[in-house]
Amino acid sequence: MRPGSGRGLRVARDGGDHVSVYWCLMEVLSTVAAMQSARAATPGSVALVPTMGCLHEGHLALVRRARAENEHVVVSIFVNPTQFGPQEDFERYPRDPERDLRLLAAERVDAVFMPTVEEMYPPGFDEWVELRGPLTERLEGAARPGHFRGVATVVARLFRIVQPHRAYFGEKDAQQLQVIRRLVRELHLPVEILSVPTVREPDGLAMSSRNAYLSAEERRAALALSRSLRAAERLLGNGVTDAETLRRAARDEIAREPGVRLEYVSVSDGETFEELEQVERPARLLVAARAGRTRLIDNALLAP
Ligand code: AMP
């Protein structure tokens, strides 16, 4: 399967004598025009799952949910340069399109949209979607200036091109999920936003394409993030609703692991992402920390 190839009969050689002929049902589209004409020819409900590729079980959970709830599933794979800061990992972000396409074909995805940067952002482009306020300016917004502007801009463009009825996002990026919900509300976009809980490794580490950067030692140390969430959740389960006590429990857990450097712990309102003093209704506990050079985030719902 190569980007640009459509549905139809395929012949694959394994390098030796083995030749297989198979019928491929998944379209791989690399231009905006091809995506738009495929969309125009598609009746029925269409779901979009936006990703940056290097797929793992977290992404596949979104795809499976989309598959179960819609007639057609489009997955986009686009490492979006506008959501990376100048000092961030855009260039070295892990990419494995051949493997991604194999995984998506096995999930019976109908189409994969894999545009180039020039397709998404034609030379001289200058149209941005920027939502202001604490939601985009605190936490990830403060740590990564311009990040949510890049996210909102690319998602608005993807929605315009693909025109999905529904789009699926992970709670792993809880603040991003809320930014997308606000984007849809403020721009009156006719898309229903659905969310899927964070998929974790058996030991608790939240799945992330960036986990590929971790050495064995960093991977072990990174478990402090999910442990810190559990520590605060335990306190909440015992009736502690004071946000500072919950933040301190999470911070202490991370401080016990010298292999990670804490950036923030937050107990935030789940809609505005403003810091709370008391957890009186469902809220988000969020952590960001570095293991070596790799920046990791994780979060949990706090339901008192
Ligand atoms: P990304 O490729 O990192 O941009 O992620 C694409 C989508 O997959 C986003 O909606 C993420 O929130 C979601 N996602 C990433 N990791 C996970 C995970 N471990 N569990 C559930 N969803 C995830």
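Note that ligands are numbered from 1 as they come in the structure, with each ligand's atoms numbered from 1 the same way.
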Practice prompt. Just let me know how H56 lines up against ligand 1, side chain, backbone, both or neither, with a heavy-atom cut-off below 4.0 Å.
Written response: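 Contact part for H56 vs ligand 1: side chain (C-beta onward).
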Do me a favour and list the nearest non-hydrogen protein atom to [atom] with residue, atom name and distance?
atom                    : result
atom 23 (C) of ligand 1 : K172 CB, 3.9 Å
atom 4 (O) of ligand 1  : M52 CG, 3.5 Å
atom 20 (N) of ligand 1 : V199 N, 2.8 Å

Taking distance alone, with no angle check, do [X] and ligand 1 share an N/O pair under 3.5 Å?
X    : result
P50  : no
T198 : no
L62  : no
G170 : yes
H59  : yes

Worksheet item: Charged N to carboxylate O under 4.0 angstrom, E107 versus R67?
Response: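 Salt bridge: no.
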Worksheet item: Should E186 and R181 count as an ion pair when the cut-off is N to O under 4.0 Å?
Response: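 No, no charged N to carboxylate O under 4.0 Å.
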Fill in: Donor-acceptor under 3.5 Å (D173 side chain, Q176 main chain)
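Not confirmed, D173 side chain does not pair with Q176 backbone.
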Worksheet item: Would E171 and T198 count as having a side-chain donor-acceptor pair, cut-off 3.5 Å?
Response: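 Short answer, no.
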Discussion item. Any donor-acceptor pair under 3.5 Å linking the side-chain atoms of N80 with those of Y93?
Written reply: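 There is no such pair between these side chains.
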Worksheet item: Of P197, A61, A167, G53, which has the heavy atom at the shortest distance from atom 21 (C) of ligand 1?
Response: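 Shortest heavy-atom distance from atom 21 (C) of ligand 1: P197.
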Using a 4.0 Å cutoff against the non-hydrogen atoms of [X], which atoms of ligand 1 qualify?
X    : answer
D173 : 11 (C), 12 (O)
F169 : 10 (O)
M207 : 16 (N), 17 (C), 18 (C), 19 (N)

Worksheet item: Taking all atoms of both residues into account, what is the closest heavy-atom pair of A291 and L214, and its distance?
Response: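 Nearest heavy atoms, A291 then L214: CB-CD2, 4.0 Å.
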Discussion item. If I take atom CD from residue Q36 and atom CD1 from residue I161, how far apart are they, to the nearest 0.5 angstrom?
Written reply: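 Atom-to-atom, Q36:CD and I161:CD1 are 6.0 Å apart.
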Worksheet item: Is the Y121 ring parallel, tilted or perpendicular to the F78 ring (thresholds 30°, 60°)?
Response: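 Tilted: the ring planes of Y121 and F78 meet at 30° to 60°.
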Item to complete: Assess E171 for proximity to ligand 1: is some non-hydrogen atom of it under 4.0 Å away?
Response: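 Heavy atoms of E171 never come under 4.0 Å of ligand 1.
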Worksheet item: Would you find more than 12 non-hydrogen atoms of other residues, nucleotides or ligands less than 6.0 Å from R160 atom CZ?
Response: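 Above 12, so yes.
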